[in-house]
Colleague: 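Below is one structure. I have some questions about it.
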Amino acid sequence: MNPHPPVTSDASKAVTPQSLRQQYEAGGTVEELVTASGLSYGTVLNRLHDAGTIMRTSWQTRRMRQDPQARQRLAAHLRTLYEQHGVTLTELAAAAGDSRRAARRLLIEAGGTVRTPQQSLRMRTAARATERQKLALSLRARYEVGATVPELAEQCNYSIATVYRLLNQAKTRMRPQHRHDPTHRAGNRP
């Protein structure tokens, strides 16, 4: 047990967790923050943790310092992918060649807002619905100029039932079915 509590100066109290976080996120290392603040290494780490700082590895700091403009361009690109194309954080991480955590950090640095999983699902569902509607209208146009449902199914690599559903979704007026089977001719009916 330590009989003497640590001495804290007014200067160390003036170094807030938020100010340390801002310096760290601007590219400072923990060692640099220790030197600048006069606080111990452990105190700096604790204050960064209290501020909710996401810590970097040493190679991430080196990469960040090598070309800050490249980092900004990457962050802006990831934000565009995330907001306009609906990619997930996992896909962003693959695009950035990094972890989900790092991709999330870059997204936030670029001014992006992280979606909930439900928001991502709704966004992707809406995009798929738009694409499906375009496909349905394309099938309708080809059907109306004479293509048959089996031909459309073969061309699109869909089942006949799926093509019928898409044509129905596009409100296509269907042609009557033709039966070429000899047992169904008008003269052969009982």
Side-chain angles (χ1 to χ4, degrees), residues 25 27 52-57 59-190:
E25 288 179 348
T53 309
I54 298 172
M55 303 304 289
R56 300 183 301 264
T57 62
W59 69 266
Q60 288 171 322
T61 300
R62 280 193 302 277
R63 191 173 85 187
M64 180 179 174
R65 288 180 169 194
Q66 286 174 354
D67 188 2
Q69 287 79 23
R71 181 180 176 84
Q72 289 172 346
R73 285 191 304 274
L74 175 62
H77 174 67
L78 294 180
R79 181 178 179 187
T80 300
L81 289 174
Y82 190 75
E83 292 178 349
Q84 295 178 6
H85 301 285
V87 299
T88 63
L89 283 175
T90 302
E91 293 165 336
L92 281 185
D98 218 330
S99 67
R100 281 175 44 98
R101 185 182 214 176
R104 182 179 191 277
R105 186 178 329 117
L106 286 168
L107 175 67
I108 292 169
E109 282 177 23
T113 304
V114 179
R115 296 185 302 261
T116 65
Q118 293 81 10
Q119 290 170 324
S120 293
L121 182 61
R122 280 193 296 270
M123 186 178 198
R124 287 192 159 200
T125 301
R128 281 194 301 264
T130 302
E131 290 300 316
R132 194 166 175 87
Q133 184 62 27
K134 286 180 187 175
L135 175 62
L137 293 172
S138 168
L139 290 173
R140 176 183 174 174
R142 295 191 315 208
Y143 180 80
E144 288 176 345
V145 295
T148 65
V149 172
E151 289 170 349
L152 293 173
E154 188 175 326
Q155 290 170 1
C156 297
N157 202 22
Y158 284 120
S159 70
I160 290 174
T162 300
V163 171
Y164 271 116
R165 272 194 302 279
L166 288 167
L167 289 172
N168 185 38
Q169 178 182 338
K171 299 186 181 5
T172 307
R173 185 179 179 115
M174 302 301 291
R175 297 186 295 261
Q177 290 184 346
H178 298 285
R179 300 216 172 179
H180 301 288
D181 185 7
T183 59
H184 287 81
R185 296 208 176 181
N188 292 343
R189 288 191 182 163

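Predicted model, so just to flag it, every value in this text is computed and none were measured.
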Colleague: As an exercise, state the distance from OG1 of Thr113 to CG of Leu107, rounded to the nearest 0.5 Å.
Modeller: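 Output value for this atom pair is 7.5 Å.
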
Colleague: Rounded at 0.5 Å granularity, tell me how far OG1 in Thr148 sits from CZ in Arg142.
Modeller: 11.0 Å

Colleague: Measure from the side-chain N and O atoms of Arg175 to the backbone N and O of Tyr143, and report whether any donor-acceptor pair falls under 3.5 Å.
Modeller: yes

Colleague: Identify all side-chain donor-acceptor contacts of residues 160-170 below 3.5 Å with residues at least two apart in sequence or on another chain.
Modeller:
{"from": "Thr162", "atom 1": "OG1", "to": "Ser159", "atom 2": "OG", "distance (Å)": "2.9"}
{"from": "Thr162", "atom 1": "OG1", "to": "Arg165", "atom 2": "NH2", "distance (Å)": "3.1"}
{"from": "Gln169", "atom 1": "NE2", "to": "Gln133", "atom 2": "OE1", "distance (Å)": "2.8"}

Colleague: Show your working on side chain to side chain contact (heavy atoms under 4.5 Å, CB included) between Tyr82 and Val114 and close with a plain yes or no.
Modeller: CA-CA 9 Å; Tyr82 190 75; Val114 179; 3.8 Å; yes

Colleague: How long is the gap from CZ on Arg173 to CD on Glu144, to the nearest 0.5 Å?
Modeller: 10.5 Å

Colleague: Do any pairs count as a salt bridge (charged side-chain N to carboxylate O under 4.0 Å, His left out) and have a residue in residues 120-129, sequence neighbours left out, and if so which ones?
Modeller: Glu91-Arg124

Colleague: Hey, what do you get for CG (Leu135) to OH (Tyr158), rounding to the nearest 0.5 Å?
Modeller: 5.0 Å

Colleague: Would you please name every residue forming a salt bridge (charged side-chain N to carboxylate O under 4.0 Å, His left out) with Arg105, sequence neighbours left out?
Modeller: none

Colleague: State, yes or no, whether a side-chain contact exists between Leu152 and Gln155 at a heavy-atom distance under 4.5 Å.
Modeller: yes

Colleague: Residues in salt bridge (charged side-chain N to carboxylate O under 4.0 Å, His left out) with Arg73, at least two apart?
Modeller: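 Counting only residues at least two positions away or on another chain, Arg73 forms a salt bridge (charged side-chain N to carboxylate O under 4.0 Å, His left out) with Asp67.
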
Colleague: Under the salt bridge (charged side-chain N to carboxylate O under 4.0 Å, His left out) test, which residues partner Arg104, sequence neighbours left out?
Modeller: none

Colleague: State which residues pass salt bridge (charged side-chain N to carboxylate O under 4.0 Å, His left out) with Glu154; sequence neighbours excluded, sorted by chain then number.
Modeller: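 With neighbours one apart ignored, the set is empty.
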
Colleague: Using every non-hydrogen atom in the two residues, find where Ala110 and Ala75 come nearest and quote the distance to one decimal.
Modeller: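 Answer, listing the atom of Ala110 first, then Ala75: CB-O, 3.4 Å.
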
Colleague: Can you tell me how far apart CG (Leu78) and CG (Leu89) are? Round to the nearest 0.5 Å.
Modeller: 10.0 Å

